[in-house]
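To start, the structure under review is shown below, and the notes come after it.
Order of the sequence lines fixes the chain letters, A, B, ..., with proteins taken first and strands second; residue numbering starts at 1 for each chain.
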Protein chains: 2
Amino acid sequence: MARAGLTTERLTLEGAELADEVGFDNVTISAVARRFDVKVASLYSHLRNSQDLRTRIALLALAELADRGAAALAGRAGKDALVAFANVYRDYAREHPGRYAAAQLRLDPATAAASAGGRHAQMTRAILRGYDLSEPDQTHAVRLLGSVFHGFVSLELAGGFSHSAPDAEESWARSLDALDALLRSWPEPGPEQHVPDPG
Amino acid sequence: MARAGLTTERLTLEGAELADEVGFDNVTISAVARRFDVKVASLYSHLRNSQDLRTRIALLALAELADRGAAALAGRAGKDALVAFANVYRDYAREHPGRYAAAQLRLDPATAAASAGGRHAQMTRAILRGYDLSEPDQTHAVRLLGSVFHGFVSLELAGGFSHSAPDAEESWARSLDALDALLRSWPEPGPEQHVPDPG
DNA sequence: CCTCTTGCCTAAAGCATTTAGGAAGATGCA
DNA sequence: TGCATCTTCCTAAATGCTTTAGGCAAGAGG
(Lines give C-alpha, C1' and ligand atoms only; values in the text may rest on other atoms or scores of the structure.)
Protein backbone atom coordinates (compact mmCIF):
# COMPACT_ATOMS: atom_id res chain seq x y z
CA MET A 1 0.00 0.00 0.00
CA ALA A 2 1.59 3.25 -1.16
CA ARG A 3 2.20 5.77 1.56
CA ALA A 4 0.59 9.15 1.38
CA GLY A 5 3.47 10.89 3.10
CA LEU A 6 1.41 12.45 5.86
CA THR A 7 3.06 14.88 8.21
CA THR A 8 1.59 17.25 10.74
CA GLU A 9 2.67 20.15 8.55
CA ARG A 10 1.05 18.83 5.41
CA LEU A 11 -2.14 18.05 7.29
CA THR A 12 -2.22 21.53 8.77
CA LEU A 13 -1.66 23.15 5.40
CA GLU A 14 -4.32 21.05 3.75
CA GLY A 15 -6.65 21.86 6.63
CA ALA A 16 -6.01 25.54 6.01
CA GLU A 17 -6.82 25.16 2.32
CA LEU A 18 -9.97 23.33 3.25
CA ALA A 19 -10.91 26.08 5.69
CA ASP A 20 -10.62 28.66 2.93
CA GLU A 21 -12.79 26.56 0.66
CA VAL A 22 -15.55 25.36 2.96
CA GLY A 23 -15.21 27.46 6.09
CA PHE A 24 -13.19 26.89 9.23
CA ASP A 25 -16.12 25.28 11.03
CA ASN A 26 -16.33 22.60 8.39
CA VAL A 27 -12.73 21.52 8.75
CA THR A 28 -12.90 18.00 10.12
CA ILE A 29 -10.44 15.19 10.46
CA SER A 30 -12.60 13.20 8.11
CA ALA A 31 -12.59 15.86 5.42
CA VAL A 32 -8.82 16.20 5.56
CA ALA A 33 -8.42 12.43 5.41
CA ARG A 34 -10.56 12.36 2.28
CA ARG A 35 -8.33 14.95 0.64
CA PHE A 36 -5.34 12.67 1.17
CA ASP A 37 -7.35 9.60 0.18
CA VAL A 38 -6.46 8.01 3.45
CA LYS A 39 -8.41 6.48 6.31
CA VAL A 40 -9.46 8.75 9.13
CA ALA A 41 -7.57 6.90 11.83
CA SER A 42 -4.30 7.47 10.00
CA LEU A 43 -4.38 11.12 10.91
CA TYR A 44 -4.31 10.39 14.61
CA SER A 45 -0.64 9.49 14.40
CA HIS A 46 0.03 13.11 13.48
CA LEU A 47 -2.72 14.99 15.28
CA ARG A 48 -3.92 14.55 18.82
CA ASN A 49 -7.52 15.27 17.90
CA SER A 50 -9.59 17.60 15.83
CA GLN A 51 -9.09 20.51 18.20
CA ASP A 52 -5.36 20.03 17.77
CA LEU A 53 -5.82 20.37 14.01
CA ARG A 54 -7.85 23.54 14.40
CA THR A 55 -5.29 25.04 16.75
CA ARG A 56 -2.48 24.30 14.31
CA ILE A 57 -4.38 25.99 11.51
CA ALA A 58 -4.89 29.00 13.76
CA LEU A 59 -1.18 29.20 14.54
CA LEU A 60 -0.35 28.89 10.85
CA ALA A 61 -2.69 31.75 10.02
CA LEU A 62 -1.31 33.98 12.78
CA ALA A 63 2.22 33.34 11.57
CA GLU A 64 1.39 33.99 7.93
CA LEU A 65 -0.41 37.17 8.87
CA ALA A 66 2.53 38.34 10.97
CA ASP A 67 4.93 37.63 8.11
CA ARG A 68 2.86 39.66 5.72
CA GLY A 69 2.58 42.44 8.26
CA ALA A 70 6.32 42.57 8.72
CA ALA A 71 6.86 42.71 4.97
CA ALA A 72 4.33 45.51 4.62
CA LEU A 73 5.89 47.58 7.40
CA ALA A 74 9.41 47.33 6.05
CA GLY A 75 10.50 50.76 4.87
CA ARG A 76 7.25 52.50 5.74
CA ALA A 77 6.29 54.91 8.48
CA GLY A 78 3.40 57.12 9.57
CA LYS A 79 0.17 56.87 7.67
CA ASP A 80 1.85 54.90 4.92
CA ALA A 81 2.69 52.18 7.44
CA LEU A 82 -0.75 52.32 9.02
CA VAL A 83 -2.52 51.85 5.71
CA ALA A 84 -0.19 49.14 4.47
CA PHE A 85 -0.51 47.17 7.69
CA ALA A 86 -4.27 47.52 7.82
CA ASN A 87 -4.53 46.32 4.23
CA VAL A 88 -2.54 43.24 5.11
CA TYR A 89 -5.31 42.19 7.48
CA ARG A 90 -8.08 43.00 5.11
CA ASP A 91 -6.47 41.39 2.10
CA TYR A 92 -5.55 38.30 4.03
CA ALA A 93 -9.08 37.93 5.31
CA ARG A 94 -10.46 38.23 1.80
CA GLU A 95 -7.95 35.88 0.27
CA HIS A 96 -8.09 33.37 3.09
CA PRO A 97 -11.38 33.67 4.94
CA GLY A 98 -11.04 30.25 6.53
CA ARG A 99 -7.54 30.94 7.77
CA TYR A 100 -8.62 34.35 9.02
CA ALA A 101 -11.48 32.77 10.94
CA ALA A 102 -8.98 30.30 12.34
CA ALA A 103 -6.79 33.15 13.55
CA GLN A 104 -9.70 34.24 15.74
CA LEU A 105 -9.83 30.89 17.51
CA ARG A 106 -9.55 31.28 21.24
CA LEU A 107 -6.22 29.80 22.28
CA ASP A 108 -5.31 28.72 25.76
CA PRO A 109 -2.80 31.10 27.35
CA ALA A 110 0.23 28.86 26.86
CA THR A 111 -0.50 28.33 23.18
CA ALA A 112 -1.30 31.99 22.69
CA ALA A 113 2.01 32.96 24.25
CA ALA A 114 3.85 30.68 21.85
CA SER A 115 1.95 32.04 18.86
CA ALA A 116 2.74 34.90 16.53
CA GLY A 117 0.18 36.98 18.41
CA GLY A 118 2.93 38.89 20.16
CA ARG A 119 4.46 39.90 16.85
CA HIS A 120 1.16 41.46 15.85
CA ALA A 121 1.09 43.64 18.93
CA GLN A 122 4.74 44.57 18.41
CA MET A 123 4.10 45.62 14.85
CA THR A 124 1.09 47.70 15.78
CA ARG A 125 3.27 49.43 18.34
CA ALA A 126 5.90 50.02 15.68
CA ILE A 127 3.33 51.87 13.58
CA LEU A 128 2.66 54.17 16.49
CA ARG A 129 6.29 55.27 16.55
CA GLY A 130 5.33 57.45 13.62
CA TYR A 131 2.95 59.32 15.89
CA ASP A 132 3.52 61.14 19.12
CA LEU A 133 1.83 59.16 21.88
CA SER A 134 2.73 58.72 25.51
CA GLU A 135 3.52 55.21 26.69
CA PRO A 136 0.16 54.30 28.27
CA ASP A 137 -1.73 55.91 25.40
CA GLN A 138 0.17 53.70 23.01
CA THR A 139 -1.39 50.65 24.58
CA HIS A 140 -4.86 52.10 24.24
CA ALA A 141 -4.15 53.02 20.66
CA VAL A 142 -2.80 49.55 19.91
CA ARG A 143 -6.06 48.11 21.17
CA LEU A 144 -8.19 50.58 19.29
CA LEU A 145 -6.33 49.89 16.06
CA GLY A 146 -6.62 46.16 16.58
CA SER A 147 -10.32 46.56 17.25
CA VAL A 148 -10.91 48.55 14.09
CA PHE A 149 -8.89 46.23 11.89
CA HIS A 150 -10.45 43.11 13.25
CA GLY A 151 -13.91 44.57 13.61
CA PHE A 152 -14.11 46.03 10.14
CA VAL A 153 -12.69 42.98 8.47
CA SER A 154 -14.97 40.56 10.24
CA LEU A 155 -18.08 42.65 9.73
CA GLU A 156 -17.21 42.98 6.06
CA LEU A 157 -16.55 39.26 5.78
CA ALA A 158 -19.87 38.55 7.46
CA GLY A 159 -21.56 40.58 4.76
CA GLY A 160 -22.46 43.41 7.09
CA PHE A 161 -21.60 46.16 4.60
CA SER A 162 -22.61 44.47 1.41
CA HIS A 163 -26.19 45.63 1.16
CA SER A 164 -25.79 49.37 1.22
CA ALA A 165 -23.93 52.13 -0.55
CA PRO A 166 -21.26 53.41 -0.48
CA ASP A 167 -19.12 50.35 -0.84
CA ALA A 168 -16.96 48.96 1.91
CA GLU A 169 -13.81 49.95 0.05
CA GLU A 170 -14.51 53.61 0.52
CA SER A 171 -15.48 53.27 4.16
CA TRP A 172 -12.26 51.42 4.76
CA ALA A 173 -10.20 54.21 3.23
CA ARG A 174 -12.07 56.85 5.16
CA SER A 175 -11.78 54.91 8.39
CA LEU A 176 -8.03 54.76 7.94
CA ASP A 177 -7.96 58.48 7.21
CA ALA A 178 -9.88 58.96 10.43
CA LEU A 179 -7.54 56.76 12.45
CA ASP A 180 -4.55 58.61 11.09
CA ALA A 181 -6.07 61.94 12.06
CA LEU A 182 -6.97 60.55 15.45
CA LEU A 183 -3.45 59.33 16.14
CA ARG A 184 -2.02 62.69 15.13
CA SER A 185 -4.15 64.42 17.75
CA TRP A 186 -4.90 61.81 20.37
CA PRO A 187 -7.28 63.32 22.91
CA GLU A 188 -6.87 63.63 26.65
CA PRO A 189 -9.12 61.43 28.81
CA GLY A 190 -12.66 62.79 28.82
CA PRO A 191 -14.82 63.39 31.87
CA GLU A 192 -16.27 60.38 33.67
CA GLN A 193 -19.32 59.08 31.91
CA HIS A 194 -22.36 57.52 33.37
CA VAL A 195 -22.35 53.80 32.65
CA PRO A 196 -25.90 52.46 32.50
CA ASP A 197 -26.66 49.31 34.37
CA PRO A 198 -26.94 46.35 32.08
CA GLY A 199 -30.31 44.72 32.24
CA MET B 1 -46.31 10.19 29.20
CA ALA B 2 -46.43 13.78 30.46
CA ARG B 3 -45.75 16.41 27.84
CA ALA B 4 -42.80 18.67 28.19
CA GLY B 5 -44.52 21.63 26.57
CA LEU B 6 -41.93 22.21 23.91
CA THR B 7 -42.28 25.20 21.65
CA THR B 8 -39.87 26.76 19.20
CA GLU B 9 -39.56 29.76 21.50
CA ARG B 10 -38.73 27.74 24.58
CA LEU B 11 -36.22 25.69 22.67
CA THR B 12 -34.59 28.81 21.31
CA LEU B 13 -34.39 30.41 24.73
CA GLU B 14 -32.96 27.29 26.30
CA GLY B 15 -30.48 27.08 23.43
CA ALA B 16 -29.42 30.64 24.20
CA GLU B 17 -28.91 29.81 27.88
CA LEU B 18 -26.90 26.81 26.86
CA ALA B 19 -24.80 28.94 24.52
CA ASP B 20 -23.94 31.28 27.38
CA GLU B 21 -22.94 28.34 29.55
CA VAL B 22 -20.99 26.14 27.19
CA GLY B 23 -20.32 28.28 24.14
CA PHE B 24 -22.34 28.79 21.01
CA ASP B 25 -20.41 26.12 19.12
CA ASN B 26 -21.45 23.54 21.66
CA VAL B 27 -25.15 24.15 21.28
CA THR B 28 -26.53 20.99 19.77
CA ILE B 29 -29.99 19.57 19.32
CA SER B 30 -28.95 16.76 21.59
CA ALA B 31 -27.83 19.05 24.38
CA VAL B 32 -31.06 21.02 24.29
CA ALA B 33 -33.09 17.81 24.29
CA ARG B 34 -31.24 16.68 27.41
CA ARG B 35 -32.12 19.95 29.15
CA PHE B 36 -35.79 19.23 28.55
CA ASP B 37 -35.36 15.56 29.41
CA VAL B 38 -36.84 14.66 26.09
CA LYS B 39 -35.74 12.52 23.17
CA VAL B 40 -33.76 14.17 20.44
CA ALA B 41 -36.24 13.46 17.66
CA SER B 42 -38.93 15.37 19.51
CA LEU B 43 -37.20 18.63 18.75
CA TYR B 44 -37.54 18.14 15.05
CA SER B 45 -41.22 18.96 15.22
CA HIS B 46 -40.25 22.46 16.30
CA LEU B 47 -36.93 23.01 14.56
CA ARG B 48 -36.02 22.22 10.97
CA ASN B 49 -32.49 21.21 11.88
CA SER B 50 -29.62 22.30 14.05
CA GLN B 51 -28.75 25.22 11.79
CA ASP B 52 -32.29 26.43 12.26
CA LEU B 53 -31.78 26.39 16.01
CA ARG B 54 -28.55 28.35 15.73
CA THR B 55 -30.17 30.91 13.46
CA ARG B 56 -33.03 31.40 15.88
CA ILE B 57 -30.62 31.97 18.74
CA ALA B 58 -28.80 34.53 16.60
CA LEU B 59 -32.03 36.38 15.86
CA LEU B 60 -32.95 36.33 19.53
CA ALA B 61 -29.61 37.83 20.46
CA LEU B 62 -29.81 40.53 17.80
CA ALA B 63 -33.27 41.49 19.00
CA GLU B 64 -32.28 41.57 22.67
CA LEU B 65 -29.25 43.66 21.83
CA ALA B 66 -31.33 46.09 19.80
CA ASP B 67 -33.83 46.41 22.65
CA ARG B 68 -31.09 47.23 25.10
CA GLY B 69 -29.58 49.69 22.66
CA ALA B 70 -32.88 51.47 22.24
CA ALA B 71 -33.32 51.69 25.99
CA ALA B 72 -29.83 53.07 26.42
CA LEU B 73 -30.27 55.72 23.75
CA ALA B 74 -33.54 57.02 25.11
CA GLY B 75 -33.01 60.53 26.39
CA ARG B 76 -29.33 60.70 25.59
CA ALA B 77 -27.35 62.53 22.94
CA GLY B 78 -23.78 63.25 21.92
CA LYS B 79 -21.01 61.52 23.77
CA ASP B 80 -23.41 60.38 26.45
CA ALA B 81 -25.35 58.43 23.85
CA LEU B 82 -22.18 57.09 22.26
CA VAL B 83 -20.85 55.75 25.52
CA ALA B 84 -24.16 54.31 26.68
CA PHE B 85 -24.70 52.53 23.39
CA ALA B 86 -21.19 51.18 23.25
CA ASN B 87 -21.52 49.86 26.77
CA VAL B 88 -24.67 48.00 25.79
CA TYR B 89 -22.64 45.93 23.37
CA ARG B 90 -19.81 45.34 25.76
CA ASP B 91 -22.01 44.48 28.72
CA TYR B 92 -24.19 42.21 26.68
CA ALA B 93 -21.17 40.36 25.35
CA ARG B 94 -19.83 39.89 28.86
CA GLU B 95 -23.14 38.82 30.34
CA HIS B 96 -24.10 36.63 27.41
CA PRO B 97 -21.00 35.51 25.56
CA GLY B 98 -22.80 32.67 23.84
CA ARG B 99 -25.61 34.87 22.63
CA TYR B 100 -23.13 37.49 21.52
CA ALA B 101 -21.25 34.88 19.52
CA ALA B 102 -24.57 33.83 18.04
CA ALA B 103 -25.26 37.39 16.96
CA GLN B 104 -22.16 37.15 14.78
CA LEU B 105 -23.51 34.16 12.90
CA ARG B 106 -23.54 34.77 9.19
CA LEU B 107 -27.16 34.97 8.11
CA ASP B 108 -28.42 34.53 4.60
CA PRO B 109 -29.61 37.85 3.12
CA ALA B 110 -33.33 37.17 3.55
CA THR B 111 -32.93 36.23 7.21
CA ALA B 112 -30.61 39.14 7.83
CA ALA B 113 -33.12 41.54 6.32
CA ALA B 114 -35.82 40.22 8.66
CA SER B 115 -33.52 40.47 11.68
CA ALA B 116 -32.99 43.30 14.11
CA GLY B 117 -29.75 44.10 12.30
CA GLY B 118 -31.34 47.08 10.64
CA ARG B 119 -32.31 48.55 14.00
CA HIS B 120 -28.68 48.46 15.03
CA ALA B 121 -27.61 50.48 12.04
CA GLN B 122 -30.47 52.92 12.63
CA MET B 123 -29.47 53.44 16.22
CA THR B 124 -25.84 54.00 15.35
CA ARG B 125 -27.01 56.61 12.85
CA ALA B 126 -29.11 58.21 15.56
CA ILE B 127 -26.02 58.65 17.70
CA LEU B 128 -24.36 60.52 14.88
CA ARG B 129 -27.11 63.11 14.90
CA GLY B 130 -25.31 64.55 17.89
CA TYR B 131 -22.32 65.25 15.67
CA ASP B 132 -22.01 67.24 12.52
CA LEU B 133 -21.34 64.83 9.68
CA SER B 134 -22.32 64.98 6.03
CA GLU B 135 -24.56 62.23 4.73
CA PRO B 136 -21.94 59.98 3.10
CA ASP B 137 -19.57 60.47 6.01
CA GLN B 138 -22.30 59.24 8.33
CA THR B 139 -22.22 55.88 6.65
CA HIS B 140 -18.47 55.63 7.00
CA ALA B 141 -18.74 56.63 10.63
CA VAL B 142 -21.49 54.08 11.26
CA ARG B 143 -19.20 51.40 9.92
CA LEU B 144 -16.22 52.60 11.87
CA LEU B 145 -18.22 52.69 15.10
CA GLY B 146 -19.61 49.24 14.43
CA SER B 147 -16.11 47.99 13.75
CA VAL B 148 -14.72 49.39 16.98
CA PHE B 149 -17.59 48.12 19.11
CA HIS B 150 -17.56 44.67 17.63
CA GLY B 151 -13.81 44.48 17.29
CA PHE B 152 -13.01 45.58 20.82
CA VAL B 153 -15.64 43.39 22.37
CA SER B 154 -14.65 40.29 20.50
CA LEU B 155 -10.95 40.77 21.08
CA GLU B 156 -11.62 41.30 24.76
CA LEU B 157 -13.85 38.27 24.91
CA ALA B 158 -11.18 36.21 23.19
CA GLY B 159 -8.79 37.18 25.96
CA GLY B 160 -6.72 39.40 23.70
CA PHE B 161 -6.28 42.13 26.28
CA SER B 162 -6.14 40.06 29.40
CA HIS B 163 -2.42 39.51 29.66
CA SER B 164 -1.11 43.05 29.74
CA ALA B 165 -1.58 46.28 31.64
CA PRO B 166 -3.41 48.61 31.62
CA ASP B 167 -6.67 46.79 31.89
CA ALA B 168 -9.23 46.62 29.11
CA GLU B 169 -11.63 48.84 31.03
CA GLU B 170 -9.35 51.83 30.70
CA SER B 171 -8.61 51.22 27.04
CA TRP B 172 -12.32 51.02 26.40
CA ALA B 173 -12.93 54.37 28.04
CA ARG B 174 -10.07 55.99 26.20
CA SER B 175 -11.16 54.48 22.90
CA LEU B 176 -14.59 55.99 23.37
CA ASP B 177 -13.01 59.34 24.23
CA ALA B 178 -11.05 59.02 21.03
CA LEU B 179 -14.10 58.18 18.94
CA ASP B 180 -15.96 61.11 20.39
CA ALA B 181 -13.12 63.45 19.53
CA LEU B 182 -12.90 61.94 16.07
CA LEU B 183 -16.59 62.43 15.37
CA ARG B 184 -16.39 66.02 16.51
CA SER B 185 -13.68 66.72 13.94
CA TRP B 186 -14.15 64.16 11.22
CA PRO B 187 -11.33 64.54 8.71
CA GLU B 188 -11.52 65.14 4.97
CA PRO B 189 -10.46 62.25 2.75
CA GLY B 190 -6.70 61.89 2.76
CA PRO B 191 -4.46 61.56 -0.29
CA GLU B 192 -4.47 58.27 -2.18
CA GLN B 193 -2.32 55.71 -0.49
CA HIS B 194 -0.30 53.01 -2.08
CA VAL B 195 -1.98 49.68 -1.47
CA PRO B 196 0.57 46.88 -1.49
CA ASP B 197 -0.18 43.81 -3.53
CA PRO B 198 -1.26 40.95 -1.35
CA GLY B 199 1.00 38.02 -1.71
C1' DC C 1 -67.78 9.41 24.14
C1' DC C 2 -65.45 9.64 19.65
C1' DT C 3 -62.35 11.57 16.52
C1' DC C 4 -58.56 14.25 15.18
C1' DT C 5 -54.60 16.90 15.70
C1' DT C 6 -50.46 17.36 17.88
C1' DG C 7 -46.55 16.09 20.81
C1' DC C 8 -43.44 13.02 21.95
C1' DC C 9 -41.93 8.42 21.17
C1' DT C 10 -39.03 4.22 18.98
C1' DA C 11 -36.16 2.78 15.32
C1' DA C 12 -32.71 3.27 12.14
C1' DA C 13 -29.30 5.15 8.90
C1' DG C 14 -25.46 8.30 8.15
C1' DC C 15 -21.39 10.58 9.42
C1' DA C 16 -17.54 12.46 12.64
C1' DT C 17 -14.49 11.37 16.54
C1' DT C 18 -11.44 8.59 18.92
C1' DT C 19 -8.92 4.39 20.60
C1' DA C 20 -6.78 -0.26 20.15
C1' DG C 21 -4.23 -3.20 17.82
C1' DG C 22 -2.31 -5.26 13.33
C1' DA C 23 0.28 -5.40 8.82
C1' DA C 24 3.19 -3.54 5.31
C1' DG C 25 6.72 -0.31 3.82
C1' DA C 26 10.97 2.23 4.99
C1' DT C 27 15.29 2.37 7.53
C1' DG C 28 19.45 0.93 9.80
C1' DC C 29 22.86 -2.38 10.71
C1' DA C 30 25.42 -6.51 10.09
C1' DT D 1 21.70 -8.91 0.86
C1' DG D 2 19.08 -10.14 4.95
C1' DC D 3 17.16 -9.14 9.33
C1' DA D 4 15.28 -6.31 13.05
C1' DT D 5 12.88 -2.31 14.01
C1' DC D 6 10.26 1.67 13.58
C1' DT D 7 6.96 4.24 11.29
C1' DT D 8 2.95 4.66 8.67
C1' DC D 9 -1.20 3.43 7.51
C1' DC D 10 -4.69 0.03 8.07
C1' DT D 11 -9.15 -2.53 10.08
C1' DA D 12 -12.36 -2.75 13.72
C1' DA D 13 -15.23 -0.98 17.08
C1' DA D 14 -17.37 2.23 20.52
C1' DT D 15 -19.53 6.65 21.12
C1' DG D 16 -22.16 10.66 19.99
C1' DC D 17 -24.75 14.06 17.01
C1' DT D 18 -28.05 14.62 13.05
C1' DT D 19 -31.91 13.60 10.58
C1' DT D 20 -35.93 10.98 8.73
C1' DA D 21 -39.90 7.69 9.02
C1' DG D 22 -43.51 6.04 11.22
C1' DG D 23 -46.42 5.08 15.61
C1' DC D 24 -49.05 5.76 19.90
C1' DA D 25 -51.40 8.39 23.09
C1' DA D 26 -52.82 12.98 25.33
C1' DG D 27 -55.78 16.56 24.98
C1' DA D 28 -59.17 19.51 22.24
C1' DG D 29 -63.58 19.92 19.82
C1' DG D 30 -67.87 18.17 18.54
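Between C/dT19, C/dC8, D/dC17, one nucleotide has an atom nearer to the side chain of A/Ala41 than all others, and that is C/dT19.
Residues from residues 18-32 of chain A that place a heavy atom under 4.0 Å from any atom of DNA chain D: there are none. Applying a 4.0 Å cut-off to non-hydrogen atoms, the residues of residues 44-56 of chain B that approach DNA chain C are B/Ser45, B/His46, listed by residue number.
Scanning for side-chain contact (heavy atoms from CB on, under 4.5 Å) contacts around B/Thr8 gives B/Thr12, B/His46, B/Leu47, B/Arg56, with sequence neighbours left out. Under the ring pair (Phe, Tyr, Trp, His ring centres under 6.0 Å) criterion, B/Phe149 pairs with B/Tyr89, not counting sequence neighbours.
In B/Glu188, the CD atom is not crowded: 12 or fewer heavy atoms of neighbouring residues, nucleotides or ligands sit closer than 6.0 Å.
For the residue pair A/Tyr131/A/Asp180, the side-chain donor-acceptor check at 3.5 Å is satisfied.
Among pairs with a residue in residues 28-42 of chain A, those fulfilling side-chain hydrogen bond (donor to acceptor under 3.5 Å, both in side chains) read A/Glu14-A/Arg35, A/Glu21-A/Arg35, at least two apart in sequence or across chains. Within the structure, every pair that satisfies the salt bridge (Lys or Arg N to Asp or Glu O under 4.0 Å) test and touches residues 143-160 of chain A, not counting sequence neighbours, is listed here: A/Arg90-A/Glu156, A/Arg94-A/Glu156.
Dashed line: the shortest gap from a side-chain N or O of B/Ser42 to OP1 or OP2 of C/dC9 is under 4.0 Å.
As a whole-Å value, the separation of B/Glu9 CD from C/dG7 C1' is 15 Å. B/Lys39 places its NZ atom 10 Å from the P atom of C/dA11, with the value rounded to the nearest Å. Protein atom CG of B/Leu11 is 13 Å distant from nucleotide atom P of D/dT18, rounded to whole Å. In this structure, the CG atom of B/Leu43 is 18 Å from the P atom of C/dT6, given to the nearest Å.
Checked for salt-bridge contact, A/Asp132 and A/Arg184 miss the test: no charged N lies under 4.0 Å from a carboxylate O. With respect to B/Arg119 and B/Asp67, a salt bridge is recorded, a charged nitrogen being found less than 4.0 Å from a carboxylate O.
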